[in-house]
Every structure is written in structure tokens, then in C-alpha cells.
Asks: 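Have a look at the structure that comes next, please.
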Amino acid sequence: MPKEYRTIREVAGPLMMISDVENVKYNELGEIELPNGERRRCRVLEINEGNALVQLFESAAGINLDQSKVRFLGRSMELPVSPDMLSRVFDGLGRPIDGGPDILPEKRVDINGMPMNPAARNYPQEFIQTGVSAIDGLNTLVRGQKLPIFSASGLPHAQLAAQIARQARVRNDDQQFAVVFAAMGITFEESNYFIESFKETGAIDRAVMFINLANDPAIERIATPKMALTAAEYLAFDLGMQVLVIMTDITNYADALREVSAARKEVPGRRGYPGYMYTDLATLYERAGRQKGKEGSVTLIPILTMPEDDKTHPIPDLTGYITEGQIILSRELYRKGVTPPIDVLPSLSRLKDKGIGKGRTREDHASTMNQLFAAYARGKEAKELMVILGEVALTDVDKLYAKFADAFEQEYVSQGYNTNRSIEQTLDIGWKLLSILPRSELKRISDEMLDQYYKG
């Protein structure tokens, strides 16, 4: 039986100090019993000569310093895992909130996970189809990759996240595919939107959802992505499934880190965020990947809103260092009515070349992708020139490029949130748009490919 302590010295916000403790470890879970029998959970943040600083998972209201008891449980935070997790909805601490029964666990897993040995990693290379042309065709996602979406306040990242979660699949139908969805610091309305969206389309059957609401404690927000990644690792490396983890919104997670850091009176770093935020984000993102000798994979799409649309803000800046590219949403395209408003030119998937081509997507994928990028970039330049000097300043070819840029945004990028395109449909739309341009302009595509696909 764990030893009980009645030595609570101080409670300050989410933190509590307990004195005269023995054999207590960093990160260990504790339980506070109030005089009325109610129990609340906490976690050890710091040990200093018999004094333990703990962080409360629930509110501190009602804790009586003299009459409340604390027990330390001798283990860190764990998630009970089982194949029955699929189709279930949990809160940020892994407790069911869908009205269903508790999970009967096969085992309990420490949510902090074990870092993957770099020598045990397999290179990410198999294509994952999201059904979104701007991602599949131009910034391709591959199994085991970390590809964040950089959004901004007011942009429809929630709809894009739900769309990818509903539509994503691996091309090889005999492989089991699952989605682990973690939402941090969202409103009840957004939570309802995600859950209903999954249920309406049947995507809930292959999904595990972790929902942390804006009014839940900050410490629960910090645990939510770790819960989700622990569930993903179990599904991928124990059950051999291909798992896509979508986490929204990493900005809320980082703000919770800052809140707890400030409560601990730590020395702040950039913009008040803790100096260890890079390390903390890396411990999350680096749990994605493929392992040698294991069938399954964990692919990660973290979504974050850039404060003041600033790419140099610490959260997108550090995320960009750790991950393999980024998908950027554009306010300008959103105002034009492009849905989803993905700005393909500054977006980048560093591993896209590894997942495309013959046997993975189609043999014409790489060359059409390069040609579409080049044509769209030139088309945007032509349109800017047209604004300054008028249409008369453009050559006939430049006018075609300007026409191409408009058609590209309206037909290729803008597809709505309910259209699920196969990679073949995406490539065919690309060829249809390239046929606006004369064949002589398509210098990045071989003559054999042009003979086969060009319809100009």
C-alpha cells in the first residue's frame, strides 16, 4: 500500500508543494484524497531534499492543506491499450467520453514512449493518398513522414484536418489503416464538428480520438499528444497497422507548456516559451516513423496556427526544423474562395520524391509535378505584371500562363472538403491544365510522356 502524506505545505495555481517525502521519482503519478473522499490526480515535477513539487491534473479548488492526503503510485502516467480502442473517443487523459465502457487493456504503456533508435529506422517511402490534390500531386505525404500544416487564425484548418482524417488511405488495400486524432484546447463546438464528421462518413470505425477542450486543465493538454502517439505506436508496432496521427492545434499545446513553465518560475526563452520547447516538440515529432522488422508505420500531421501569420514565430520555426517540410494555408487564397486554401509554392514535402513514380503512383508524376510548379510560378508573375502594367504589356504566351494560374487555383487546388480524388484523377487534372500551354513550353516533361498524355 503506498505511503500516505499529510504534509501539503502550499498550493499555488496548478502546483502543490509536499514536504518530507521519501523515494519519490520525477514524473511519478500521485493521488490526492480530499476530506470528502474525492480523488484527484497529480504528477511530480521536481524533487528537492524531501520536498516534492507536483502538478495537478484537475483544479485545486477545495483542497484543504491540513486534511487532504497524498499518495504516490510508483509509476508514471500510463495508457491502457487494446484493439478495442478503434472507434472510441477519449479525453486528454485517456478516459472514455463517448458513453461506452472502459477499455479492457491488453497492457498499460508509459505515455512518454521510448525514443526510436536512429539505426532501427526504415526510410519513409510508401505513398499515402489523402484525396487532396494539392498534397498528393505536389507535396506528397509518405509513410513514416512528419508533415505539418501551418495555418493561421480564422483559416479552415479544422475542415482540412477532418477531410484528411476521413479520406487518407494506403494504396495497398490488404494493409490495415487507422487514424489517431488528437485535438488540444479546442472549443466544444469544434469537438462536436470533428466527432460528427467522423461518424457521418464511417471514418470513426478505424479511428481513435483524443479530445482535450479549451476549459480542461493545461496539464491535460500537455498529456494529450503523448496519449495519441502511445496509442499510435501500439497500433503500428504491436498490431502492424499503418497509422496516420493528426494533431491540432500544436499552438495550444505550446501555450500550455508556457503556462506551466511560468507557474514553475522557470527562466523564459523566446516570446516567453520555455527554453526546452525545441526538445519537447522533438520528443513528440520524432515518435513518428517506420521500424526495421515491423510492418506498421506512424505518419504524423501536426497542425498549428501561426500567431499573427508569422512563420518566424517560435512554434512554426521550431516545428519546421524538426519535420520534413510543411503545408502552408494562405489567407489570400481563402479570400478568393479557394478550398482548401493551400499555397503550393512555399509548401514543401522533403520526402515527396521517395513516394512517387512507377509502382507507387504513376510514371508521369514527378515530371508533371515539376512542370505544374514552374508553370504556376510563372503564371503568378504574369498576373502581378498585369496588375502593374496592364494586360497589353503581356506577350501571348504570358497571357496563357496567367490563364493557367487562375485555372490551376480553381480546378486543381480548390476541390472543396468533400471531394476525395484518387492520385490518377489528380494527375489527369494536371495534364488537362497543362494542355492550356503550348507543347513547346513543357520543357520539364519528356517527349514520350507528352506523346502519351498531352492533349493540347
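The figures here come from the full heavy-atom set of this structure, side chains too, leaving out hydrogens, waters and symmetry mates.
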Asks: Side chains of Arg88 and Pro96: closer than 4.5 Å at any heavy-atom pair?
Replies: yes
Asks: Evaluate the side-chain proximity of Pro316 to Leu304: yes if any heavy-atom separation is below 4.5 Å, no if none is.
Replies: yes
Asks: Would you call Arg290 and Glu126 a salt bridge, using N to O less than 4.0 angstrom?
Replies: yes
Asks: Quick one, Leu79 and Phe210 - any side-chain contact, counting heavy atoms below 4.5 Å?
Replies: yes
Asks: Can you sort out the partners of Thr395 under side chain to side chain donor-acceptor pair (under 3.5 Å), two or more places apart, ordered by chain and number?
Replies: Asp398
Asks: Return the set of residues passing salt bridge (charged side-chain N to carboxylate O under 4.0 Å, His left out) with Lys383 (not counting sequence neighbours), or none when no residue passes.
Replies: Asp406
Asks: Inspect the surroundings of CD in Glu266 and state if more than 12 heavy atoms from other residues, nucleotides or ligands are less than 6.0 Å away.
Replies: yes
Asks: Taking the ring centre of each residue, are Tyr412 and Tyr376 less than 6.0 Å apart?
Replies: no
Asks: Testing the 3.5 Å rule here: is there a donor-acceptor pair between the side chains of Glu106 and Ser82?
Replies: no
Asks: Any salt bridge (charged side-chain N to carboxylate O under 4.0 Å, His left out) pairs touching residues 107-118, not counting sequence neighbours?
Replies: Lys107-Asp238
Asks: Short question: side chain of Gln415, backbone of Ser133 - any donor-acceptor pair under 3.5 Å?
Replies: yes
Asks: Can you list the steps and then say if Thr426 with Arg421 is a side chain to side chain donor-acceptor pair (under 3.5 Å)?
Replies: CA-CA 6 Å; Thr426 291; Arg421 291 179 182 164; 5.3 Å; no
Asks: Are more than 12 heavy atoms, taken from residues, nucleotides or ligands other than Phe373, located less than 6.0 Å from that residue's CZ atom?
Replies: yes
Asks: Would you call Arg271-Asp255 a salt bridge at under 4.0 Å N-O?
Replies: no
Asks: Determine whether Thr299 and Gln145 satisfy the following criterion, side chain to side chain donor-acceptor pair (under 3.5 Å), listing intermediate values before the conclusion.
Replies: CA-CA 5 Å; Thr299 307; Gln145 186 175 2; over 6 Å; no
Asks: May I ask you to decide if Asp136's main-chain N or O and Thr140's side chain share a donor-acceptor pair within less than 3.5 Å?
Replies: yes
Asks: Within the structure provided, determine whether Val89 and Ile204 are in side-chain contact (heavy-atom separation under 4.5 Å).
Replies: yes
Asks: Which atom names give the shortest non-hydrogen contact between Ser59 and Arg40, and what distance separates them?
Replies: O-NH1, 2.6 Å
Asks: Identify the two heavy atoms, one from Pro156 and one from Pro341, that lie closest to each other, and give their separation to 0.1 Å.
Replies: CG-CD, 3.8 Å
Asks: Can you tell me if Arg444 has over 12 outside heavy atoms packed within less than 6.0 Å of its CZ?
Replies: no
Asks: Can you sort out the partners of Ala288 under side chain to side chain contact (heavy atoms under 4.5 Å, CB included), two or more places apart, ordered by chain and number?
Replies: Lys146, Val298, Leu300
Asks: Using modelled atom types only, decide if a donor and an acceptor are shared between the side chain of Thr305 and the backbone of Ala152 within a distance under 3.5 Å.
Replies: no
Asks: Please evaluate residues Thr230 and Arg287 with respect to the criterion side chain to side chain donor-acceptor pair (under 3.5 Å), reporting the C-alpha separation (whole Å), side-chain torsions for both, the decisive distance (0.1 Å), and the verdict.
Replies: CA-CA 9 Å; Thr230 303; Arg287 289 172 73 172; 3.0 Å; yes
Asks: Mind telling me whether Tyr273 and His313 have parallel, tilted or perpendicular rings, with 30° and 60° as the class edges?
Replies: perpendicular
Asks: For Arg121, check side chain to side chain donor-acceptor pair (under 3.5 Å) against everything at least two apart and list the hits.
Replies: Glu286
Asks: Report, as yes or no, whether the 6.0 Å neighbourhood of atom OH on Tyr321 holds more than 12 heavy atoms from other residues, nucleotides or ligands.
Replies: no
Asks: Is a side-chain donor or acceptor of Ser297 paired with a backbone partner of Gly289 at a separation under 3.5 angstrom?
Replies: no
Asks: Going by heavy atoms in the side chains, are Ile342 and Leu160 under 4.5 Å from each other?
Replies: yes
Asks: Do His157 side-chain atoms and Phe150 backbone N/O form a donor-acceptor pair below 3.5 Å?
Replies: no
Asks: Below 4.5 Å, heavy atoms only, C-beta onward: do Trp431 and Leu450 meet side chain to side chain?
Replies: yes
Asks: Quick check: are there more than 12 heavy atoms from other residues, nucleotides or ligands sitting under 6.0 Å from NZ of Lys403?
Replies: no
Asks: If I compare all heavy atoms of Leu147 with all of Glu324, which pair ends up nearest, and what's the gap?
Replies: CD1-O, 3.7 Å
Asks: Is there a donor-acceptor contact under 3.5 Å from the side chain of Arg143 to the main chain of Leu244?
Replies: no
Asks: Looking only at heavy atoms, which two atoms of Asp364 and Ser367 are closest? And how far apart?
Replies: O-OG, 3.4 Å
Asks: With sequence neighbours left out, what residues match Arg166 under side chain to side chain contact (heavy atoms under 4.5 Å, CB included)?
Replies: Ala162, Gln163, Ser197, Thr201, Ala203, Asn418
Asks: Within the structure provided, determine whether Leu235 and Val208 are in side-chain contact (heavy-atom separation under 4.5 Å).
Replies: yes
Asks: Are Glu424 and Arg171 within salt-bridge range, i.e. N to O under 4.0 Å?
Replies: yes
Asks: Do the non-hydrogen side-chain atoms of Val142 and Arg360 ever get within less than 4.5 Å of each other?
Replies: no
